[in-house]
Amino acid sequence: QVQLVESGGGLVQPGGSLRLSCAASGTIFSINAMGWYRQPPGKERDLVAIITSGGSTNYADSVKGRFTISRDNAKNTAYLQMNSLKPEDTAVYYCNADIRPRSYIRLQRYWGQGTQVTVSS
């Protein structure tokens, strides 16, 4: 079936950078929008950035100018480049994607398992 796997999380000092990857695999007919969400400890999961199949993007105000979402459609992969990281960026980051497994199956939303990003000195 369809799987989303995130990678690239870790520990970084304030002001540092990380690049997250989200690879979709399995039976995939098409992928529409992909997005990144994050969930700080004890808080709700919030949208970070989204990117459409055509490459249009939107960002949460808190990450504008610092984070960049991109995708490689040939690899079924989305990326989140995170620069100028702050302690408040610490969270579990989740990838999601709207995917049609087959042409006759409607769009379904899939989620990755999450990857931890910790920003601390």
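Just so you know, residue 1 is the first one in the sequence shown, and it goes up from there. Computed from a prediction, not measured in an experiment: that's the story for all the values here.
- Listed here is the closest heavy atom pair of P101 and Q108: CG-OE1, 4.1 Å.
- Annotation: the span from R38 atom CZ to E88 atom CD amounts to 8.0 Å, rounded to 0.5 Å.
- Without hydrogens or angle criteria, Y79 side chain to D72 main chain gives no donor-acceptor distance under 3.5 Å.
- Of the possible polar contacts, one joining the E6 side chain to the G114 backbone as a donor-acceptor pair under 3.5 Å is found.
- Here the closest heavy-atom approach between residue P14 and residue S121 is recorded as CD-N, 3.7 Å.
- Put simply, the side chain of R71 gets close to the backbone of T52: a donor and an acceptor are under 3.5 Å apart.
- How far OG of S120 is from CG of L85: 12.0 Å, rounded to the nearest 0.5 Å.
- Under the 3.5 Å distance criterion, the side-chain polar atoms of Q13 are left unmatched by any main-chain donor or acceptor of V119.
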Exercise for review: With side chain to side chain contact (heavy atoms under 4.5 Å, CB included) as the test, would you mind laying out the steps for Y93 and Q39 before giving the verdict?
Suggested key: CA-CA 7 Å; Y93 283 70; Q39 186 168 19; over 6 Å; no
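- Residues V48 and V92 do not share a hydrophobic cluster, clusters being chains of Ile/Leu/Val/Met/Phe/Trp/Tyr side chains in contact below 4.5 Å.
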Review point. Stepwise, does the side chain to side chain contact (heavy atoms under 4.5 Å, CB included) test hold for V117 with L11?
Key: CA-CA 6 Å; V117 172; L11 175 64; over 6 Å; no
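- No donor-acceptor pair under 3.5 Å is formed between the side chain of R102 and the backbone N or O of I105.
- Here D98 contributes atom CG and R106 contributes atom CZ; the two are 10.5 Å apart, rounded to the nearest 0.5 Å.
- The 12-atom threshold is not exceeded at CD of Q3, counting heavy atoms of other residues, nucleotides or ligands nearer than 6.0 Å.
- Y37 meets the ring pair (Phe, Tyr, Trp, His ring centres under 6.0 Å) test with W111; sequence neighbours excluded.
- Note that OG1 of T115 is 7.0 Å distant from CD of Q113, once rounded to the nearest 0.5 Å.
- Across all non-hydrogen atoms, the minimal contact from A49 to L47 is O-CD1, 3.7 Å.
- Y59 and I50 fall into different hydrophobic clusters, where Ile, Leu, Val, Met, Phe, Trp and Tyr side chains are chained together by heavy-atom contacts under 4.5 Å.
- To the nearest 0.5 Å, the span separating CG on L80 from OG1 on T68 amounts to 8.0 Å.
- Considering every non-hydrogen atom in both P41 and T90, the closest pair reads CD-O, 4.1 Å.
- Residues N32 and L107 form a side-chain contact, since some pair of their non-hydrogen atoms from C-beta on lies under 4.5 Å apart.
- Atom OH in Y94 sits 12.0 Å away from atom CH2 in W36 (nearest 0.5 Å).
- Legend: residues meeting salt bridge (Lys or Arg N to Asp or Glu O under 4.0 Å) with R66, ordered by chain and number and at least two apart, are D89.
- Counting all heavy atoms, side chain and backbone alike, L4 lies closest to A24 at CD2-CB, 3.3 Å.
- Proximity of I31 to N76: side-chain heavy atoms (C-beta onward) are separated by under 4.5 Å at one or more points.
- Although no hydrogens or angles enter the test, the distance criterion places no donor-acceptor pair under 3.5 Å between the side chain of R19 and the main chain of Q81.
- Side-chain contact, S17 with N83: a donor N or O sits under 3.5 Å from an acceptor N or O.
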